[in-house]
Each structure stands twice: as structure tokens, then as C-alpha cells.
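The next block holds one structure in the form of C-alpha cells; read it before the comments.
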Amino acid sequence: MTTTTQSKYQILPRGEATAILPTGSKHSPITVIGTEPIRSSFDELCLQQAINSRTAPGVTNLVLNPDAHGGYGAPVGCVLVSPTHVYPGPVGVDIKCSMSLLQTSLPADAVIDKQTRRALIDAICERTPTGAGKGQRNAPKSRHVEEALGKRVLTEGASPGVCRELGIPVEWASRCEDSFHVGHDDSTGALALRLEKLLPHIYQFDAKISQLGSYGGGNHFGECEAVEVGDDQRSRDIAKTFGLIDGGIAFLSHCGSRGIGHSLATGQFKSLQAKFEQWDIPLPGKDRELVYAPLGTPEANAYLDDMALGANFATVNHLLINALVLEAFQEVLPGTTGELVYFISHNIARKEIVDNRPAWVHRKGATRAYPAGHFALKGTPFAETGHPILLPGNPQAGSAVMVAEAGAEASCYSVNHGAGRQLGRKAAKRELDQRQVDQSFADADILSNCRQYPIDEAPAAYKDFDEVLRSVKSAGLASEVARLKARFVIKDGDKADD
DNA sequence: ATGTTC
């Protein structure tokens with residue numbers, strides 16, 4: 001933390017959590033989750049964005065998570081709560097970027113043999129392409145989606161009809177944080193009207209629809225995992241409710257709403273920025289990416305509708321990927337079955353009850369964390385345990401399945417969304433050695449579809465996962481139920497068969 | 001993150 005920013009706020013220690021209060025501000029302080037080494041890693045941009053966001057119109061709470069860094073107007077790794085306004089920045093360009101986990105019936109030793117793993121990698125890549133712009137024509141065994149079905153995906157999300165059309169088990173919808181999103185007036189009809197209005201302005205809509213069932217690039221991935229449930233009885237009981245099988249094979253996916261979410265989000269940024277300029281409204285911290293709209297205005301309605309359209313695509317994208325991955329397993333290892341453990345987002349605004357009133361909870365690089373007994377889990381399979389939290393770490397340290405604790409109330413029922421970057425992409429390319437990275441994967445016996453593992457995505461480019469988990473645990477937000485250890489990874493990079 | 005230079 002530099003002196004320039006330090007003069008702008010006071011730090012109020014609160015056990016493992018800390019609060020930041022902008023000097024002279026009447027706002028309640030920003031809650032910061034993280035051990036001291038984590039807190040001191042926040043840079044100037046991140047803190048400035050946090051202060052801008054906290055003091056922005058209609059914002060009642062702001063939480064910074066241990067993996068926070070600079071983002072669009074608001075930090076990535078924050079929770080922004082407003083009962084009166086919506087903010088596109090704290091949702092971001094990849095609307096409803098999410099994690100999902102599929103538990104298969106296979107024991108870990110069924111996926112030891114290298115030839116079997118290679119066959120699985122090939123079978124998965126034939127169905128779920130990686131890379132920017134890549135859609136179904138790059139994957140011969142993907143599902144072909146006509147424009148009419150694509151429109152239903154955007155407006156209905158994972159409805160029973162859409163699931164049946166795509167060969168997605170209908171019951172997987174009950175394993176989603178949200179299986180569908182409605183428009184600003186809580187109707188699906190509003191989304192259909194909005195989509196028809198938008199259609200002429202969306203560049204290559206058909207190409208974007210054909211991206212259904214694809215990973216994209218960057219930090220997105222698919223990963224075959226060996227499941228290691230914790231030794232204690234509580235972890236074993238919770239794992240059973242979650243549907244996790246100790247010593248079994250699962251598949252973890254990270255992806256979002258692809259080109260369609262990107263174009264919906266950037267369209268909203270441009271349109272709101274033009275209006276702020278036209279009306280000469282000052283922006284919080286003069287940040288062009290911290291535009292907002294008061295609820296009930298045509299601008300807020302349009303944003304909520306576009307966010308829902310993107311979120312519906314992301315939801316069906318994840319479920320289709322899981323269906324296609326299961327199909328790939330069944331092709332290579334006939335008789336394999338699979339069940340969705342959970343699907344949960346880290347880039348979305350949801351209407352929740354905060355301090356006894358409805359508010360939009362924007363989670364940007366933050367994961368919802370409802371503990372056992374939370375009223376919103378009533379009637380779900382997770383009412384008595386809390387819902388699964390899927391926290392990606394890295395292929396070598398593993399990823400974690402966690403469950404929220406009562407202490408999560410302090411973070412507006414949220415935890416971080418992963419390890420967070422240690423090195424920027426440029427720094428990773430400069431400082432890390434490709435041969436060492438590839439050797440570390442070989443040493444850990446982790447295969448990949450890439451000839452060379454993308455160096456800016458190497459485990460060493462991310463923060464120490466155990467330190468990140470300590471932050472979450474010591475703040476009383478969540479505890480670990482199981483660790484997932486990678487057996488092979490699907491990433492966007494130089495393909496092994498090129 | 002992204003139709004990776006509308």
C-alpha cells in the first residue's frame with residue numbers, strides 16, 4: 001500500500017478481517033478479508049477502485065476478498081451491495097463466469113493409464129473446443145445449435161425444454177446456483193422482447209450461438225480430478241450430501257458466457273458511458289468503468305435484461321459442457337455415469353435480502369457462500385449443509401470444494417473465486433521458464449491437451465493456494481470439504497496434435 | 001474475459 005492511498009483511509013483492525021474507511025466519509029467501512037500478507041499485497045489501483053465503489057451512489061456495503069486486484073471500475077474479488085442501483089462494472093465483461101463440477105462413477109485408478117487419459121483428452125476436445133472465437137465447427141462431435149434454439153437458450157436458460165433439446169439431464173437444473181434468469185420485470189417475456197430489439201446490433205449472432213458448449217481462453221479450463229474428501233466425519237457427511245465420491249474421478253470446468261456475454265456487457269458500458277457524458281453526470285472517482293443506473297429507469301431495465309441474457313447463455317454453456325464431457329467419458333470408458341455436483345458463478349449480480357431488505361448483490365470475482373440453515377437454501381438439497389463452493393486453485397496444489405460457515409455473514413455471504421494472480425501475464429512470460437513449467441506437469445503426472453502449457457497460466461503465476469485457503473478459513477467464512485487433484489487439463493494453447 | 005485492432 002503506498003502513502004498516497006494510505007492518506008485517504010483509515011484501517012480498523014477487526015480480528016482477521018479488517019475494515020477500510022475512506023477519510024472524512026460517512027459511509028460504513030469496506031470489509032477486507034485476508035491475512036496481513038494478503039492485505040499488504042493489494043495495489044494502489046485495487047484500493048482506489050474499492051474506495052470509488054464504496055462511495056458510489058446507492059452502495060451500502062463493499063467487501064474486498066483475499067484475491068482482489070484491479071478490474072472494470074470495481075476490483076476483481078469484491079462484493080458490491082446496492083438496494084437502489086445496478087452496476088455493470090462489478091459484474092464485468094464475462095457475465096456469469098462460473099465453476100461447475102461433475103462427479104463420475106469412475107474410481108481414480110480407471111484414469112491412471114496415459115493412453116486412456118490421452119483418449120479422454122481427445123474425446124473431450126472433439127466436443128468442447130477451447131480458444132477465442134472457437135465454436136462448434138472446431139469440434140466435430142459438438143451439438144449443433146440453430147438460431148431458434150439459441151434464442152430459447154438466452155431467454156429461458158436451463159429450462160426443461162432447452163435441456164431436453166440439448167441432451168442435458170433435466171435434473172441438473174436443481175444443482176445450479178440459478179438455472180435460469182428472468183428480465184427486469186421478473187418475466188421471460190421481457191428478455192424475448194429485449195433480444196429481438198438487440199438482434200440487428202449483435203455482430204455475428206449465429207457464430208456466437210455456435211459457441212454453446214465451448215471453453216474460450218484465458219484462465220478458463222476443464223480439468224479431470226481425483227477427489228480427496230477430508231478425513232473428518234463432518235467433511236465425509238457433507239461430501240455425501242454434495243454427491244462427492246472419495247477416491248473417485250470428477251471433472252471441474254471454468255468458463256462463462258463467451259462472445260455473447262462480452263458483446264452484451266461492452267454494449268452496456270458504451271451505452272451508459274454515452275449517457276453519462278450527454279447528461280454530464282459525474283462518475284465515482286471519475287472512472288468511466290464505474291457507470292451505474294438507478295433501479296426502475298429504462299437504463300437499469302436494459303442492463304438487467306442484458307445481464308440475464310448473458311447469464312442464461314453461460315448457464316446452458318456450462319451444463320452442455322458437462323453433458324458433452326460425460327459423453328466423452330462414456331465413449332472411452334463405456335458404462336460411466338455422472339452427476340452434477342454444483343454450478344456456481346463468480347461474476348453476477350443477484351437480488352438477495354441484505355439487512356432485511358432486497359438489494360442487488362454484485363459479486364465480481366466472488367462466490368456466493370450460504371451456510372447451513374440460510375433461508376434461501378430452504379427446499380434445496382443443501383438446506384442443512386450449505387451449498388457447495390467450487391474454488392479453483394491450480395492443477396498441482398489442487399482445487400477445493402468448500403462449504404460456508406456462519407461467519408460468512410461478515411462478507412455478505414461471499415468468498416473469493418480462486419487463488420488470484422501472483423504475476424501479471426507479461427511478468428509470467430518474462431520470469432517463468434517454459435521447460436520448467438512443462439517439466440513440473442510431467443513430474444506431477446498431469447497431462448494436457450497443449451503441447452506447451454500456457455506459461456501465463458502456470459501454477460507459479462498464481463498465489464500460494466494454501467495461503468489463500470488460510471485467509472478464507474481463519475476469517476471463519478468457509479471450510480474445506482474435499483481437495484481435487486488434476487489428472488489432466490484442457491486449456492487454450494498449442495494443441496498436442498498440431 | 002473478448003468477433004484478442006470497431
Side-chain angles (χ1 to χ4, degrees), chain A residues 45-46 49 67-78 87-100 128-139 145 147 150 154 198-222 253-271 273-274 288-289 306-307 309-311 313-315 317-318 321 345-349 362-367 392 416-421 423-426 428-429 450 454-457 461-462 490-494:
Chain A
L45 174 69
C46 173
Q49 288 185 342
D67 55 346
H69 60 269
Y72 287 84
V76 174
C78 85
Y87 280 81
V91 172
V93 287
D94 191 2
I95 296 168
K96 209 181 181 188
C97 187
S98 313
M99 302 300 306
S100 60
T128 60
T130 59
K134 296 286 167 43
Q136 287 146 7
R137 64 193 169 83
N138 308 91
V145 181
E147 187 171 306
L154 288 170
L198 273 176
L199 223 45
H201 308 289
I202 299 178
Y203 173 78
Q204 289 193 349
F205 182 71
D206 55 339
K208 290 189 167 77
I209 290 304
S210 91
Q211 292 175 342
L212 203 67
S214 68
Y215 277 107
N219 58 7
H220 290 172
F221 66 86
S253 294
H254 176 208
C255 60
S257 49
R258 305 295 333 279
I260 189 71
H262 182 263
S263 78
L264 290 164
T266 52
Q268 281 294 330
F269 275 111
K270 283 177 190 164
S271 137
Q273 283 163 352
R288 276 174 58 78
E289 288 170 340
D306 287 6
M307 183 185 75
L309 291 167
F313 185 93
T315 305
N317 189 33
H318 260 269
I321 282 175
S345 180
H346 46 245
N347 283 4
I348 193 73
H362 305 66
R363 292 190 178 88
K364 172 61 197 165
T367 311
N416 51 309
H417 77 311
R421 282 201 160 271
L423 297 171
R425 292 189 185 279
K426 277 182 195 167
K429 283 174 184 162
C450 301
I455 198 159
D456 51 345
E457 286 293 317
Y462 285 88
I490 310 289
K491 287 289 284 186
D492 177 32
D494 289 344

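These figures come from a predicted structure and were not determined experimentally. Below, chains carry the letters A, B, ... as their sequence lines are ordered, and counting in each starts from 1.
- Under the rule for a ring pair (Phe, Tyr, Trp, His ring centres under 6.0 Å), A:Phe313 has no partner lying at least two apart in sequence or in another chain.
- Counting to the nearest Å, the C1' atom of B:dC6 and the NZ atom of A:Lys270 are 6 Å from each other.
- The side-chain heavy atoms of A:Ser345 and A:Arg363, taken from C-beta on, include no pair separated by under 4.5 Å.
- Residue A:Gly259 is classed as a sugar-phosphate contact, given heavy-atom separations below 4.0 Å to backbone atoms only.
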What donor-acceptor contacts under 3.5 angstrom involve side-chain atoms of residues 255-262 of chain A, with partners at least two apart or in another chain?
| unit_1 | atom_1 | unit_2 | atom_2 | d |
| --- | --- | --- | --- | --- |
| A:Ser257 | OG | A:Asp94 | OD1 | 3.3 |
| A:Ser257 | OG | A:Ile95 | N | 3.3 |
| A:Ser257 | OG | A:Ile95 | O | 2.7 |
| A:Arg258 | NH1 | A:Lys134 | O | 3.2 |
| A:Arg258 | NH1 | A:Ser214 | OG | 2.5 |
| A:Arg258 | NH2 | A:Gly131 | O | 3.3 |

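- For the pair A:His254 NE2 and B:dT2 P, the interatomic distance rounds to 9 Å; values are reported in whole Å.
- In this structure, A:Ile202 atom CD1 and B:dT2 atom C1' are separated by 15 Å, rounded to whole Å.
- Across all strands, A:Tyr72 comes closer than 4.0 Å to base atoms (heavy-atom distances).
- Summarising the geometry, atom CG belonging to A:Asn347 is positioned 12.0 Å from atom NE2 belonging to A:His362; distances are rounded to the nearest 0.5 Å.
- The distance between the ring centers of A:His346 and A:His254 falls below 6.0 angstrom.
- Without hydrogens or angle criteria, A:Lys491 side chain to A:Gly218 main chain gives a donor-acceptor distance under 3.5 Å.
- As a whole-Å value, the separation of A:Asp492 CG from B:dT4 P is 13 Å.
- Between the NE2 atom of A:His201 and the C1' atom of B:dC6 there is a distance of 15 Å, rounded to whole Å.
- A heavy atom closer than 4.0 Å to some atom of DNA chain B occurs in A:Val93, A:Asp94, these being the qualifying members of residues 89-96 of chain A.
- Note: CD (A:Gln211) to C1' (B:dT4) measures 13 Å, nearest angstrom.
- The separation between A:Arg425 atom CZ and B:dT2 atom P is 10 Å, rounded to whole Å.
- Residue contacts for A:Ala132: at a heavy-atom cut-off of 4.0 Å it reaches a base atom on one of the strands shown.
- Judged by distance alone, the side chains of A:Ser100 and A:His318 do bring a donor and an acceptor atom under 3.5 Å apart.
- What separates CD of A:Gln204 from C1' of B:dT4 is a distance of 15 Å, to the nearest Å.
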